Undergrad: 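Pasting in a structure now, in structure tokens, and then I'll have a few things to ask.
Given the structure is predicted, the values throughout are model-derived calculations rather than measurements. These values consider heavy atoms only, across backbone and side chains, with no hydrogens, waters or symmetry-generated copies. Note on naming: letters A, B, ... go to the chains in the order of the sequence lines (proteins, then strands), and numbering restarts at 1 for each one.
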Protein chains: 2
Amino acid sequence: MKNNQVDHNLPEPTKAELEILQVLWEFGPSTVRFVNEKLNENREVNYTSTLKQMQILTEKGILKRDESQMKHIYIPVEAEEKTKVQLLDRFVNTLYKGSASQLMMQLLGNEKTSKEEIEEIKRLLEGME
Amino acid sequence: MKNNQVDHNLPEPTKAELEILQVLWEFGPSTVRFVNEKLNENREVNYTSTLKQMQILTEKGILKRDESQMKHIYIPVEAEEKTKVQLLDRFVNTLYKGSASQLMMQLLGNEKTSKEEIEEIKRLLEGME
DNA sequence: TGCATCGTACGAAAAATATCGTACCTTAGA
DNA sequence: TCTAAGGTACGATATTTTTCGTACGATGCA
């Protein structure tokens, strides 16, 4: 198998798509209006732009929706965790040739990772075995 | 400060650009031809496409080049580590709201992260303090 | 009933990325 | 000197992603 190939279980969400997913993850199934309002807390986006994105996400099978009401309710098809694991996996493979420990090293070396975080990580590891 | 904002120190390298950076990281300063050949081990790319990308990367200030010879030699401006740290930082912020330990949890929970990797990580942590 | 409000659908424009064709220069060697 | 090989420059096209305008259907209510 060639090197840089990735499994395309799900089409990789684009940046704008990820923003929307994040809103849905945080607040649960939502209407377009709600999502659009959340997005607008960070930057200006037209309502129909968000609508279109969410429709595209639905076409791609990343979201599904409940159309029983006029206000459609959008829901991520995959659980937050599962999607994040995929993205993380891709990230590790791309940047660290799959080596989680290398990624760790950078995380630990990064001064933005606080002492508390590091302690927390240690506790996690000890609790594993 | 608004939530989802990110520091744009360097323009974020795009996917195709990252591919090129990775070749340069792995093999050191290189000519376009060399990079192109490496890329072609994974997928077909026309020589001039790679050339153009590398010129764009240079315009963006991500690469610099030695033009003293006819065959220009391209070099990443920032060290591999620095760039990766930035990308990682962005990644953690975007997907894990900046929580490194949350990212860790997923890394550890991922069956693709091997026992050896986990042991390695533990060793790293113990060696820290 | 009439109309303002709020919803979806959808094509098309805009913007960002990626790829390529062609022009043209330089060098090496027959 | 001439030509083939191999280099850069760069505009144009293709593709992907993002944004938006417009059409039009539902609903609520004066």
Side-chain angles (χ1 to χ4, degrees), chain A residues 4-6 8 10-24 29-75 83 87 90 94, chain B residues 4-6 8 10-24 29-75 83 87 90 94:
Chain A
N4 278 0
Q5 281 175 354
V6 181
H8 284 301
L10 270 190
E12 182 158 12
T14 66
K15 224 168 160 181
E17 289 174 350
L18 200 51
E19 275 187 313
I20 289 171
L21 272 177
Q22 285 173 313
V23 173
L24 293 176
S30 309
T31 61
V32 174
R33 180 148 307 278
F34 179 82
V35 171
N36 184 245
E37 271 160 15
K38 286 298 166 191
L39 295 186
N40 274 278
E41 290 175 8
N42 296 319
R43 63 190 182 90
E44 248 185 62
V45 210
N46 191 300
Y47 175 84
T48 57
S49 302
T50 304
L51 170 62
K52 181 65 167 217
Q53 286 291 354
M54 292 175 76
Q55 286 169 342
I56 291 171
L57 277 161
T58 305
E59 277 171 33
K60 287 197 192 174
I62 294 177
L63 298 184
K64 63 189 172 191
R65 66 181 173 189
D66 174 355
E67 307 183 354
S68 65
Q69 312 298 123
M70 179 168 66
K71 301 186 187 186
H72 296 176
I73 303 288
Y74 288 77
I75 308 164
T83 302
L87 293 174
R90 237 169 251 161
T94 304
Chain B
N4 280 1
Q5 282 177 353
V6 180
H8 284 301
L10 270 190
E12 183 159 10
T14 66
K15 225 166 159 181
E17 289 174 351
L18 200 52
E19 275 187 313
I20 289 171
L21 272 178
Q22 284 173 312
V23 173
L24 294 176
S30 310
T31 62
V32 173
R33 180 147 309 277
F34 179 83
V35 171
N36 185 245
E37 272 159 14
K38 287 298 166 191
L39 295 186
N40 274 277
E41 290 175 8
N42 295 319
R43 65 191 180 88
E44 246 184 64
V45 211
N46 191 298
Y47 174 85
T48 55
S49 302
T50 304
L51 171 62
K52 180 67 168 215
Q53 286 292 351
M54 292 175 75
Q55 286 170 341
I56 290 171
L57 276 160
T58 305
E59 276 172 34
K60 286 197 192 175
I62 294 177
L63 299 184
K64 63 190 169 189
R65 66 182 174 189
D66 174 355
E67 308 182 354
S68 65
Q69 312 298 124
M70 181 170 63
K71 302 186 187 187
H72 297 175
I73 304 287
Y74 289 77
I75 308 164
T83 302
L87 292 173
R90 236 169 250 163
T94 304

Undergrad: Under the ring pair (Phe, Tyr, Trp, His ring centres under 6.0 Å) test, which residues partner B/Phe34, sequence neighbours left out?
TA: B/Phe27

Undergrad: When you check the phosphate oxygens OP1 and OP2 of C/dA18, does a side-chain N or O of B/Arg43 lie under 4.0 Å from one of them?
TA: no

Undergrad: Who pairs with A/Lys38 by side chain to side chain donor-acceptor pair (under 3.5 Å), at least two apart in sequence or on another chain?
TA: A/Glu41

Undergrad: Rounded to whole Å, how long is the line connecting atom CG of B/Leu57 with atom P of C/dT17?
TA: 12 Å

Undergrad: Ion pair present between B/Glu59 and B/Lys52, side-chain N to carboxylate O less than 4.0 angstrom?
TA: no

Undergrad: Does the pair A/Lys60/A/Glu12 count as a salt bridge with the N-to-O cut at 4.0 Å?
TA: no

Undergrad: So, does A/Thr14 get its side chain near the phosphate of D/dT16, meaning an N or O under 4.0 Å from OP1 or OP2?
TA: no

Undergrad: If you round to the nearest 0.5 Å, how far is CE of A/Met54 from CD1 of A/Ile56?
TA: 12.0 Å

Undergrad: B/Asn46 has an atom CG; how far is it from atom P of D/dG6, in whole Å?
TA: 15 Å

Undergrad: Measure all distances between protein nitrogen or oxygen atoms and nitrogen or oxygen atoms of nucleotides 1-4 of chain C, and list the pairs falling under 3.5 Å.
TA:
none

Undergrad: At under 4.0 Å between heavy atoms, how does the protein contact nucleotides 8-13 of chain C? Give one character per nucleotide, 5' to 3', with B, S or -.
TA: BBBB--

Undergrad: For A/Asp66 and C/dG7, what is the distance between atoms CG and C1' respectively, to the nearest whole Å?
TA: 15 Å

Undergrad: Kindly state each residue pair satisfying ring-ring contact (aromatic ring centres under 6.0 Å, His included) with at least one member in residues 35-54 of chain B, sequence neighbours excluded.
TA: none

Undergrad: Tell me whether D/dA9 sits syn or anti, counting syn as a glycosidic angle within 90° of 0.
TA: anti

Undergrad: Taking side chain to side chain donor-acceptor pair (under 3.5 Å) as the test, write out the residues that go with B/Glu44, two or more places apart.
TA: none

Undergrad: Judged by atom type as modelled, is there a donor-acceptor pair below 3.5 Å linking the side chain of A/Asn40 to the main-chain atoms of A/Val45?
TA: yes

